[in-house]
Amino acid sequence: MRPCGRSFVLVAAAVAALLTTDASAEPARRWPLWPTEVSRAAEPLVGAPESELRLVRDSRRVAAVRDLDVFATPLVAPILVAALEDRSSAVRREVLQACLERQLLACVPAARKIWQSELDDAALRVAALRVVVLAPDADRLQLFLTALRDPDALIRAEAMRTFAAASWPKDQLAILRTNLIAKLSDPAPEVRRAAAHGLGVLGPDDPRSGRSDGALPLTRLLVDPDPQVRQDTADALARLRDPRAAPALLRALQVGDETYVGRSLLHAFAALPGPVAAAGKPGDGPDGLNVDAELLRLLDAPPRNLLPRHVAEAIARRRTPSAALAEGLVARLREDALRQTEAHALRQPALDALLGLGEAARPALTAALARGLEPPLERDVRRLLAALDPPRTAAVFAAPWPADADRDAWQRALAEPDPAGRLRAGAALGARAPDWLGGAAGLRLGLAGSAEWRRPWLLALASAPAWTAVDAALPASLGLWAADPSLASANRCLAVVALARQRHGGATFLRVAAEQAAAADAGVRACTAGALAWASPRAADPLLAGLLRDASARVRTGAALALACRDRPDPEFAPQLALMAGRDPEPAVLRAVELARAPERCDAWGLVFAPPGETGPWLALRLRGHEFQAPAETLGPLRLAFGPGLADATVRDPAGPPAEATSPRIVFD
């Protein structure tokens, strides 16, 4: 009874913590599966009543803090706050990191105490300072000024990075910026680096004019003896984009520097505003410099330790390039014949820069075509223009599939060397569902030596509207493969769905589905949930009701997609779906719930391949005018999603370039 009592106290404290915890900052974490799960995980930290906590090793208490990371913040907040009194610095550092990740304001008082008392442990004080900054207290500015006078250079540097990343009232930004400027002359290089980084993070004083009080003081650090200070200074000037820094940046480029510093200087110079009227000369840049013209000169004669391709990278990032810049790049496409060394070849760097400029290069490229170009150059220019007008519709794969009666041709298609081609052929064969599918699949699955070669035939059975088993051994084998923990979840998943599509095999499927709905592998549970789309509601509803409450977002998404494949909304699930639409923390589940609340019958199990290079646990799709996310699977070199109704889904194109971060959460880099 003692663990249950302790659990009750823990839950009561968690409810109280709900009133003070910022829920919007909490990532998706789960609630315990049984009442004492949290208390058991935290036992090395809090100890049983009869235990001596001093006997628990520091490593075990650190591990306990990490074990708590999977649980919801309201449950673990009281434990973390209490653990900040631990005698071990390692434990307290781990707890402070957890408080920071959860943005837990309840940790701030204890963190402030650590900051003021632990004067001999710089790493612990830095961790405490990052938590203290979470609370916008009235004395936070005084705390910052005190940290800047600390004798430890690490404390001074981390204080500047930490406080620059926090959100500040507008009336205090000037004081913060002034103190950062003062620290640009600190004797410690790491402090000068942090001061430059902080000024870059704060940005210009007035974004409309692009002027910043810190720009000119920063230019003095372009000749700092430490190369990393020079690089961080260039990165900060790239963020500020103050045109008054142009002469100093150009001088530093002409002198030359280490390659990594020179590239940062190039990007800072290229980030300056485009040509504006100055000194009475139209088209002149800041302080009489034409930035675009200078970039072309640097392309012709790169600074020391840099190559034309480095200059081209910087030019490609210009925000407001002039027409003269694009025309100068086009003119340099012809200069390869005049160059004798590969190091000074300008054709490929100029092509790369024009491609990066995008729409701004179109007039110059069009004019060059009108004037006439040599055949190789004309081909390259036409390719650049074609890249500016990408196709508006996705390419549709339409393979010349064999006739339904040609078994041998289909068997060759399902055995081709390309794994993606095998899966496409399996999905196409399942969609056609010839009469001989069940018999041929039984034979080929029996002869297949590995799961990789069974996969196309399993997909064919899963994609079929219905198939008939010729041999009773095939359904039994499918049940064994579905329950085999040594197989990948995708292979077990296809076995479950293949049973769901068997004609007159409902009893076998329901037995297997009941077993796999409780599988340890979340991927198998998610697939089982999707396969229930075609089971009778009377048999499937109890399983779906439980899977909609699963701890895994992938499983909840699969269950919602199964409900989205029904003829009409099910009133039995309406309250549960409404609750999920308002409370589920996972965006992918919310999108699937939208589909489930407006279902439309689907007759096939679908497969969608991800674009090359795309990563992540979810695949962004579009179906029936809705945008949603499906759980992604990895099969060797392939990344794909499959599920009920996904035969008609298409991969969603990205809406545009990633937006700049606007979250108030503090990020340390």
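Being a predicted model, the structure only gives us computed values, none of them experimental. For the single chain, residues carry numbers from 1 onward in sequence order.
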Does the salt bridge (Lys or Arg N to Asp or Glu O under 4.0 Å) test come out yes or no for E378 and R382, once each step is laid out?
CA-CA 6 Å; E378 181 179 354; R382 289 191 182 278; 3.1 Å; yes
Start with the C-alpha gap between D242 and L218, add the side-chain angles, then the distance that decides, and say whether side chain to side chain contact (heavy atoms under 4.5 Å, CB included) holds.
CA-CA 11 Å; D242 192 319; L218 275 171; over 6 Å; no
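- Note that CZ of R591 and CG of L595 are 10.0 Å apart. Values are rounded to the nearest 0.5 Å.
- Donor-acceptor pairing under 3.5 Å is lacking for the side chains of T259 and N305.
- With R239 contributing its side chain and G203 its backbone, the two residues share no donor-acceptor pair below 3.5 Å.
- Between P303 and L253 there is a side-chain heavy-atom pair separated by less than 4.5 Å.
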Apply side chain to side chain contact (heavy atoms under 4.5 Å, CB included) to T233 and R220, showing your working.
CA-CA 9 Å; T233 300; R220 294 196 292 268; over 6 Å; no
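- Annotation for L621 and A649: closest pair CD1-CB, 4.2 Å, computed over non-hydrogen atoms.
- Using a cut-off of 4.0 Å between Lys/Arg side-chain N and Asp/Glu carboxylate O, R193 and D226 are scored as not salt-bridged.
- Remark: L96 CG to W115 CH2 distance equals 12.5 Å, nearest 0.5 Å.
- Here the side chain of R192 pairs a donor or acceptor atom with the backbone of D186 at under 3.5 angstrom.
- At distances below 3.5 Å, at least one donor-acceptor pair connects side-chain atoms of N179 with backbone N or O atoms of I175.
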Step-by-step salt bridge (Lys or Arg N to Asp or Glu O under 4.0 Å) determination, E190 to R161:
CA-CA 11 Å; E190 60 268 27; R161 291 180 179 272; over 6 Å; no
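- Nearest heavy atom pair, residue I155 against residue A147, reads CG2-O, 4.2 Å.
- Closest approach of F609 and V651 over heavy atoms only: O-CG2, 3.4 Å.
- For the atom pair CD1 (I315) and CG (L296), the distance works out to 5.5 Å, reported to the nearest 0.5 Å.
- D205 and R177 are joined by a salt bridge, as a carboxylate oxygen and a charged side-chain nitrogen come within less than 4.0 angstrom of each other.
- Side-chain contact of Q348 with D352: a donor-acceptor pair under 3.5 Å is present, judged by distance alone.
- The shortest side-chain heavy-atom distance between L173 and L202 falls under the 4.5 Å cut-off.
- L333 has its side chain within reach of L354: a pair of non-hydrogen atoms, C-beta onward, lies under 4.5 Å apart.
- Between the side chain of K183 and the main chain of L148, a donor-acceptor pair closer than 3.5 Å is present.
- Look at R66 and E94 and you find a salt bridge, because one of the NZ, NE, NH1 or NH2 atoms lies within 4.0 Å of a carboxylate O, short of that distance.
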Would you please test T557 and W618 for side chain to side chain contact (heavy atoms under 4.5 Å, CB included) and show each step?
CA-CA 11 Å; T557 301; W618 303 93; 3.6 Å; yes
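- Contact annotation: the side chain of S212 never approaches that of L199 to less than 4.5 Å [non-hydrogen atoms, C-beta and beyond].
- Residue P349 comes nearest to L299 through the heavy atom pair CB-CD1, 4.4 Å, listed as atom of the first residue, atom of the second, then distance.
- With rounding to the nearest 0.5 Å, the separation of OG1 in T162 from CG in L134 is 10.0 Å.
- Between D292 and R318 there is a salt bridge, with a side-chain nitrogen of the basic residue lying less than 4.0 Å from a carboxylate oxygen of the acidic one.
- At most 12 non-hydrogen atoms from other residues, nucleotides or ligands lie less than 6.0 angstrom from CZ of R317.
- Under the side-chain contact (heavy atoms from CB on, under 4.5 Å) criterion, R251 pairs with P247, A248, sequence neighbours left out.
- With contacts defined as side-chain heavy-atom distances shorter than 4.5 Å, the pair F269/E294 qualifies.
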Any chance you could lay out the side chain to side chain contact (heavy atoms under 4.5 Å, CB included) test for E313 and H267, step after step, and finish with the verdict?
CA-CA 8 Å; E313 289 175 1; H267 292 302; 4.2 Å; yes
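- Judged by distance alone, the side chain of N290 and the main-chain N or O of A293 form a donor-acceptor pair under 3.5 Å.
- Residues V132 and A111 share a closest heavy-atom pair of CG2-C, 3.7 Å.
- Once rounded to the nearest 0.5 Å, the distance linking CG of L388 with CZ of R383 reads 14.5 Å.
- Under a cut-off of 6.0 angstrom, the local environment of CG in D120 is sparse, with at most 12 non-hydrogen atoms contributed by other residues, nucleotides or ligands.
- No side-chain heavy atom of Q231 sits under 4.5 Å from any side-chain heavy atom of R263.
- Taking CZ from R244 and CG from L272, the interatomic distance works out to 12.0 Å, rounded to the nearest 0.5 Å.
- Using a 4.5 Å heavy-atom threshold, the side chains of T650 and L623 count as separate.
- A pairwise comparison of heavy atoms in A157 and A194 identifies O-CB, 3.3 Å as the closest pair.
- For the pair R230 and E258, the salt-bridge criterion is not met [side-chain N within less than 4.0 Å of a carboxylate O].
- By the 4.0 Å N-to-carboxylate-O rule, D300 lies too far from R297 to be salt-bridged with it.
- The side-chain contact (heavy atoms from CB on, under 4.5 Å) test applied to D69 returns R29, E101, R102, not counting sequence neighbours.
- A324 meets the side-chain contact (heavy atoms from CB on, under 4.5 Å) test with S322; sequence neighbours excluded.
- Side chains of L351 and L329 form no contact here, defined as non-hydrogen atoms less than 4.5 Å apart.
- When each of R93, R92, R125 is checked for a salt bridge (charged side-chain N to carboxylate O under 4.0 Å, His left out) with E118, only R92 meets the rule.
- For R140 and W168, the positive end sits near the middle of the six-membered ring, less than 6.0 Å away and at most 45° from its axis.
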For the pair D257 and R304, evaluate salt bridge (Lys or Arg N to Asp or Glu O under 4.0 Å) and give the outcome as yes or no after the intermediate values.
CA-CA 7 Å; D257 210 321; R304 178 169 58 90; 5.8 Å; no
